[in-house]
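Fair warning: this is a prediction, and the values are worked out from it, not measured in the lab. In each ligand, atom 1 is the first atom listed, and ligand 1 is the first ligand listed.
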Amino acid sequence: MHVIHFAAECYPVAKVGGLADVLGALPKYQHMAGVRASVVIPYYDKPFVQQHEWLSVHTGSIQQGSITYPYTVLKEQADTLGFEFYLIHIEKLLDRPEVYGYADESEQFLAYQHAALDWLCARQIRPDIVHCHDHHAGLIPFYIEYAAQFSFLKGVPTVGTVHNAQYQGWMHWHMAAWMPSFDTWRWGLLDWDGMINPLAALIKCCWAYTAVSEGYLAELYVQANGLESLFSAERAKSYGIVNGIDTLVWNTATDPMLTYHFQASSVTKGKLANKKELSAAYGLNSQLPLLVFIGRFALEKGADLLPQTIQRVLTQYAGQINFFVLGSGDPGIEKSLQMLSKDFSQHLGLFLGYNEKLAHQIYAAADYLLMPSRVEPCGLNQLYAMRYGTIPVVHATGGLKDTVKDVDEGGYGLLFQEASVDVLIEAIERIFVIHQKTAAFKTALRKKMMALDFSWEKSAEKYNAVYKKLID
Ligand code: ADP
């Protein structure tokens, strides 16, 4: 079986969040399970791209509006990722350093999808399954069925995975002129509330759609940024498949980004060594419990709650806890945290920006990880944290609810029921209670988490089962 994945991100080539982690791992595990999995993403001017060898496997051109774009398909020569990996390169459009955030983002993703299908048709590559992730690849199932120039692919089963329904790729209808010509009788499949909505088109046109956890799938029916009724109407073809973690990358015994490696048997000692290193680098006292946040400063992540929570806790419980925050996003949140890190320089470590190595070091060093997310489709941070012996303190929502079990119910984490400052502070007060417990209790908790199985094998099998069903 040959599946081709289409997405905007893929770890370690281009990562903004969890989407990249999934695209870097799922195909690898599918490959190990005997499925030929390829990944096609847009070209980005990133270190990985600059440092690897690329083979030009196809050149062609596409017409968008009045513009003709020559494109090149590049294949990573050594297959270092564990699967076939391709980039779609278009000069001055798909050759930039960042994944998102450009004013002509719609043109970028339209061109990516158009060129990718043009290549497959030109080279007569007809996979058994086309798997599209989020709105950036959302138009592909529509094109395959209703754009005559891709008729070679017509009838190939398509799967759509929803990693985050908050972003849908909305475009004004005048952008239809940028698309390959399609059967205009079918325009309704592209439309949602008077806009072209690539995520809606994906859900309408794919043969099956999946959400990245059971809990998130259930949430989509009631809270999906305007698409609730669509997700419900298409429920019969839906599946909830929780993300896994790539245990080849996230392994405390071998992680090249850590100075001090450890295993479950040496978790207490190993974490302390990592904590001492991080604390020394940021002028924090390593004797105190360390509570960390890693992620985008966005409302959906509850990052707006951080400044006030940190300020109140560090004032009320002075000298009892340290925080570390790694992330970037909303400038107001960044500024507030920056000011706090000056006021409480011995108790708040802060790194504004994206830093993969530091993230690994923090998971290894931290005692507790805070996730006050309002929306969390799956959430990978809590899985990485647990794998690294760090107790997750999470809002009971989406994938967090599915993967974290409260200590009071025989589990290993702390769940809270509301994303608000007061409730967050109550959760942090529970940390103090846990922290007072014996070293043996805490070590047992950490060992229990490290032994949990969130590996990709099981989830990759579930995707493969969906594919088989569609092919049959
Ligand atoms: P998202 O909604 O952002 O995709 P996930 O929990 O699914 O959230 O995945 C987040 C991923 O991005 C994790 O691998 C996390 O470690 C990583 N990450 C987020 N922010 C940063 C950052 N500032 N620096 C390094 N890694 C980060």
Side-chain angles (χ1 to χ4, degrees), residues 7-26 46-47 98-101 133-136 161-167 211-213 215-216 219 225 241-252 255 257-258 278 292-303 306 324-330 333-334 337-338 349-366 369-388 390 392-395 397-404 413 419 454 456 459:
E9 305 176 32
C10 180
Y11 178 83
V13 187
K15 171 168 166 177
V16 176
L19 176 64
D21 288 339
V22 174
L23 268 296
L26 171 62
K46 296 267 187 202
E98 301 305 326
V99 177
Y100 308 118
H133 298 262
D134 276 352
H135 73 82
H136 321 99
T161 292
V162 185
H163 298 257
N164 193 336
Q166 292 301 108
Y167 308 98
V212 290
S213 70
Y216 189 49
E219 247 172 59
N225 207 2
I241 304 179
V242 71
N243 287 338
I245 58 178
D246 188 345
T247 47
L248 299 170
V249 173
W250 295 91
N251 184 336
T252 52
D255 187 338
M257 300 190 199
L258 301 185
L278 181 74
V292 303
F293 174 95
I294 298 175
R296 295 181 285 118
F297 295 165
L299 274 185
E300 53 180 305
K301 295 285 176 195
L306 291 176
F324 199 107
V325 177
L326 163 63
S328 60
D330 182 290
I333 300 174
E334 288 191 3
L337 288 170
Q338 224 158 7
L350 177 67
F351 185 100
L352 294 178
Y354 183 88
N355 188 325
E356 186 73 28
K357 184 172 180 187
L358 184 57
H360 284 238
Q361 290 169 336
I362 294 172
Y363 289 120
L369 173 93
L370 186 60
M371 291 184 78
S373 311
R374 293 190 175 84
V375 181
E376 196 57 83
C378 174
L380 288 169
N381 296 18
Q382 82 281 11
L383 304 184
Y384 297 143
M386 292 192 278
R387 182 89 184 146
Y388 279 45
T390 301
V393 183
V394 305
H395 180 210
T397 187
L400 297 176
K401 204 166 51 185
D402 287 4
T403 53
V404 178
F454 289 111
W456 261 111
S459 300

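- At least one side-chain heavy atom of N243 sits less than 4.5 Å from a side-chain heavy atom of L380.
- Regarding atom 25 (C) of ligand 1, its nearest protein heavy-atom neighbour is N355 O, 3.3 Å.
- Evaluation of the salt bridge (charged side-chain N to carboxylate O under 4.0 Å, His left out) test over residues 373-386, restricted to residues two or more places apart or in two chains, returns K301-E376, D304-R374.
- Residue N381 touches ligand 1 through backbone and side chain together, judged by heavy-atom distances below 4.0 Å.
- When the side-chain contact (heavy atoms from CB on, under 4.5 Å) test is applied to D255, the partners found at least two apart in sequence or on another chain are M257, L258, H360, Y388.
- Ring to ring, Y167 and H136 are not that close: their centroids are 6.0 angstrom or more apart.
- In terms of protein heavy-atom proximity, atom 7 (O) of ligand 1 is nearest to G18 CA, 3.4 Å.
- In this structure a side-chain-to-backbone donor-acceptor pair under 3.5 Å is present from T390 to A366.
- Each of the following atoms of ligand 1 lies closer than 4.0 Å to a heavy atom of A359: 25 (C), 26 (N).
- By the 4.5 Å heavy-atom criterion applied to side chains, N164 and L19 are not counted as neighbours.
- Contact annotation: for N164 versus ligand 1, there are no heavy atoms closer than 4.0 Å.
- Backbone and side-chain nitrogen or oxygen atoms of V16 are examined, and none is located within less than 3.5 angstrom of a nitrogen or oxygen of ligand 1.
- At a heavy-atom distance under 4.0 Å, no atom of H163 approaches ligand 1.
- Using bins of under 30°, 30° to 60° and over 60° for the plane-to-plane angle, the ring pair Y363/Y384 lands in the perpendicular bin.
- At a threshold of 4.5 Å between non-hydrogen side-chain atoms, the residues S459 and L26 do not count as touching.
- Distances from atom 16 (O) of ligand 1 to the heavy atoms of Y363, Y384, Y11 show the closest one on Y363.
- In terms of protein heavy-atom proximity, atom 26 (N) of ligand 1 is closest to Y354 CE1, 3.3 Å.
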Discussion item. Pair I362, F351 - check side-chain contact (heavy atoms from CB on, under 4.5 Å), show working.
Written reply: CA-CA 11 Å; I362 294 172; F351 185 100; over 6 Å; no
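- Ligand 1 has at least one atom lying under 4.0 Å from a heavy atom of K301.
- Counting heavy atoms under 4.0 Å from ligand 1, residue K15 touches it through the side chain alone.
- Residue S328 places no heavy atom under 4.0 Å from ligand 1.
- The shortest N or O to N or O distance between M371 and ligand 1 is not under 3.5 Å.
- Considering backbone and side-chain N/O atoms, E356 never comes within less than 3.5 Å of an N/O atom of ligand 1.
- Of the protein's heavy atoms, G295 CA, 3.4 Å lies nearest to atom 20 (N) of ligand 1.
- The closest side-chain heavy-atom distance from Y216 to D402 is not below 4.5 Å.
- Scanning all protein heavy atoms for the shortest distance to atom 23 (N) of ligand 1 gives G353 O, 2.8 Å.
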